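The sequence lines fix the lettering, A, B, ..., with proteins before strands; numbering per chain opens at 1. These figures come from a predicted structure and were not determined experimentally.
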2 protein chains.
Amino acid sequence: MAEHTFSISELAREFDVTTRTIRFYEDQGLLEPQRAGQRRIYSRRDRVRLMLILRGKRIGLSLLEIRELFDLYDAASNDEPQLREFIRILSRKEQQLQEQLDDIRVVLGEIGQIRSQCEKALGKQAS
Amino acid sequence: MAEHTFSISELAREFDVTTRTIRFYEDQGLLEPQRAGQRRIYSRRDRVRLMLILRGKRIGLSLLEIRELFDLYDAASNDEPQLREFIRILSRKEQQLQEQLDDIRVVLGEIGQIRSQCEKALGKQAS
DNA sequence: ATTGACGTTGACGTAAACGTCAAGTTATTG
DNA sequence: CAATAACTTGACGTTTACGTCAACGTCAAT
């Protein structure tokens with residue numbers, strides 16, 4: 001099985017971020033690609049991590065929070081208090097996300113109302 | 001009807017922000033309270049605006065975006081192209097919010113799975 | 001009249017998340 | 001072998017959203 005790897009610019013293109021961004025994530029301890037000399041070699045695991053970072057960002061996590069989650073997840077398999085802490089953080093974040101989701105629903109509803117008022121005022125063409 | 005008004009620190013307490021934050025929003029053109037000499041006097045309309053600002057922030061709008069929405073909303077009653085632009089912006093934002101909402105649902109699902117695995121590993125006590 | 005609470009305007013500082021050079025290294029390809 | 005493309009580190013710049021003084025005004029109460 002010929003372990004497929006990626007260069008930094010391949011990943012940059014695929015996820016539409018700059019190479020600078022990817023190196024920055026490494027500085028922050030979010031990625032640890034292997035090296036071939038100087039050059040960074042990204043495994044599929046690194047690629048998955050990058051996906052997780054970007055999804056984390058989309059839902060409003062800071063890079064620091066993402067890193068804490070990674071660290072906990074990596075360490076959690078062994079230690080019981082670690083596992084409990086992990087659960088605690090996840091529960092807290094779940095609650096925050098739920099509140100955010102409620103906010104979004106409210107705003108979506110209001111946008112819908114305002115828009116239909118606007119469209120009515122313009123002579124009821126469909127959007 | 002004795003138009004109730006608010007001081008800056010009343011609003012700060014109510015919404016759990018600092019007075020610095022409220023003055024900053026004014027600098028950015030998001031609030032325009034009246035003055036009694038130097039002092040700022042906030043009407044109920046100002047209070048509503050502050051609520052909208054904070055909700056906008058919670059769903060991930062920048063202060064600039066919030067301001068653009070305010071400006072458009074204020075100007076939209078008159079002008080037809082303004083109204084159309086307003087609708088366009090709202091549609092775009094609605095789509096972004098919908099995507100964000102989908103992301104959140106995915107992550108909530110994953111958190112649920114991970115957590116139940118963790119709990120199983122700890123001997124299935126309820127959370 | 002002074003103390004204290006509350007308010008004001010600057011001006012500068014800060015953290016996060018990168019962008020933007022600069023200056024050098026390695027690899028390959030015509 | 002020289003040019004070009006892709007990569008490297010390092011340092012400084014930038015934007016957003018405030019925090020943090022400093023220095024002063026004002027008003028009610030003691």
Side-chain angles (χ1 to χ4, degrees), chain A residues 4-43 46-47 49-71 89 93 96 100 103, chain B residues 4-43 46-47 49-71 89 93 96 100 103:
Chain A
H4 190 22
T5 61
F6 311 85
S7 78
I8 192 168
S9 47
E10 278 170 0
L11 288 185
R13 261 191 303 279
E14 177 173 1
F15 293 105
D16 195 32
V17 296
T18 67
T19 59
R20 175 71 180 88
T21 297
I22 294 177
R23 288 193 203 98
F24 179 70
Y25 292 160
E26 185 176 341
D27 281 352
Q28 305 304 304
L30 292 169
L31 294 171
E32 302 178 43
Q34 286 186 283
R35 299 292 180 119
Q38 297 242 71
R39 302 200 166 182
R40 292 163 172 87
I41 306 292
Y42 296 88
S43 67
D46 294 320
R47 186 169 162 280
R49 286 235 167 183
L50 181 53
M51 284 179 47
L52 291 176
I53 295 169
L54 297 176
R55 188 159 67 203
K57 288 201 53 185
R58 283 203 302 278
I59 65 170
L61 297 179
S62 71
L63 296 184
L64 185 60
E65 289 175 311
I66 293 170
R67 186 192 168 158
E68 286 169 4
L69 287 179
F70 279 175
D71 289 351
I89 292 186
K93 188 51 73 178
Q96 284 178 25
Q100 200 181 341
D103 275 333
Chain B
H4 189 24
T5 60
F6 310 85
S7 78
I8 192 167
S9 47
E10 279 170 0
L11 288 185
R13 261 191 302 280
E14 178 174 359
F15 293 105
D16 195 31
V17 297
T18 66
T19 60
R20 175 69 180 90
T21 297
I22 295 177
R23 288 192 203 97
F24 180 70
Y25 292 161
E26 184 175 342
D27 281 352
Q28 305 304 303
L30 292 170
L31 295 171
E32 303 178 43
Q34 288 186 283
R35 299 290 180 120
Q38 298 244 69
R39 304 208 165 175
R40 292 164 170 85
I41 306 293
Y42 295 88
S43 67
D46 294 319
R47 186 169 162 281
R49 286 237 166 181
L50 181 53
M51 283 179 49
L52 291 177
I53 295 169
L54 297 176
R55 188 159 66 204
K57 288 200 55 187
R58 282 203 301 277
I59 66 171
L61 298 178
S62 72
L63 296 183
L64 184 60
E65 288 175 312
I66 294 170
R67 192 202 161 149
E68 287 169 5
L69 287 179
F70 279 174
D71 289 353
I89 291 186
K93 187 52 71 176
Q96 284 178 25
Q100 199 181 342
D103 275 333

Is [Y] close to [X] at the side-chain level, that is, under 4.5 Å between some pair of heavy atoms?
X: B:Leu63; Y: B:Lys57; result: yes
X: A:Leu50; Y: A:Arg47; result: no
X: A:Tyr25; Y: A:Ile66; result: no
X: A:Leu52; Y: A:Leu69; result: no
X: B:Arg49; Y: B:Glu32; result: no

Donor-acceptor contact present, side-chain A:Asp46 to main-chain A:Ser43, <3.5 Å: yes
What's the CG-C1' distance between B:Asp27 and C:dC12, to the nearest Å? 15 Å
Euclidean distance, atom CD1 of residue B:Ile66 to atom P of D:dT16 [Å, nearest integer]: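 Atom CD1 in B:Ile66 sits about 13 Å away from atom P in D:dT16.
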Determine the minimum heavy-atom distance between B:Ser9 and B:Thr19, stating which atoms define it.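 Residues B:Ser9 and B:Thr19, closest heavy atoms: CA-CG2, 4.2 Å.
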Grab the N/O contacts between the protein and nucleotides 6-9 of chain D below 3.5 Å, and write none if there aren't any.
residue: D:dA6; atom: N3; partner: A:Arg39; partner atom: NH2; Å: 3.3
residue: D:dC7; atom: OP1; partner: A:Ser7; partner atom: OG; Å: 3.1
residue: D:dC7; atom: OP1; partner: A:Ser9; partner atom: OG; Å: 2.6
residue: D:dC7; atom: OP2; partner: A:Ser9; partner atom: OG; Å: 2.6
residue: D:dT8; atom: OP1; partner: A:Arg40; partner atom: N; Å: 2.8
residue: D:dT8; atom: OP1; partner: A:Arg40; partner atom: NH1; Å: 3.1
residue: D:dT8; atom: OP2; partner: A:Arg23; partner atom: NE; Å: 3.1
residue: D:dT8; atom: OP2; partner: A:Arg23; partner atom: NH2; Å: 3.0
residue: D:dT8; atom: O5'; partner: A:Arg40; partner atom: NH1; Å: 3.2
residue: D:dT9; atom: OP1; partner: A:Arg35; partner atom: NH1; Å: 3.1
residue: D:dT9; atom: OP1; partner: A:Arg35; partner atom: NH2; Å: 3.2
residue: D:dT9; atom: OP1; partner: A:Arg40; partner atom: NH2; Å: 3.3
residue: D:dT9; atom: OP2; partner: A:Arg40; partner atom: NH1; Å: 2.6
residue: D:dT9; atom: OP2; partner: A:Arg40; partner atom: NH2; Å: 2.5

Salt-bridge present (B:Arg67, B:Asp71; N to O < 4.0 Å):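 Answer for the salt bridge query: yes.
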Contact pattern, 5' to 3', of nucleotides 15-22 of chain C - B, S or - by protein heavy atom under 4.0 Å: --BBBB--
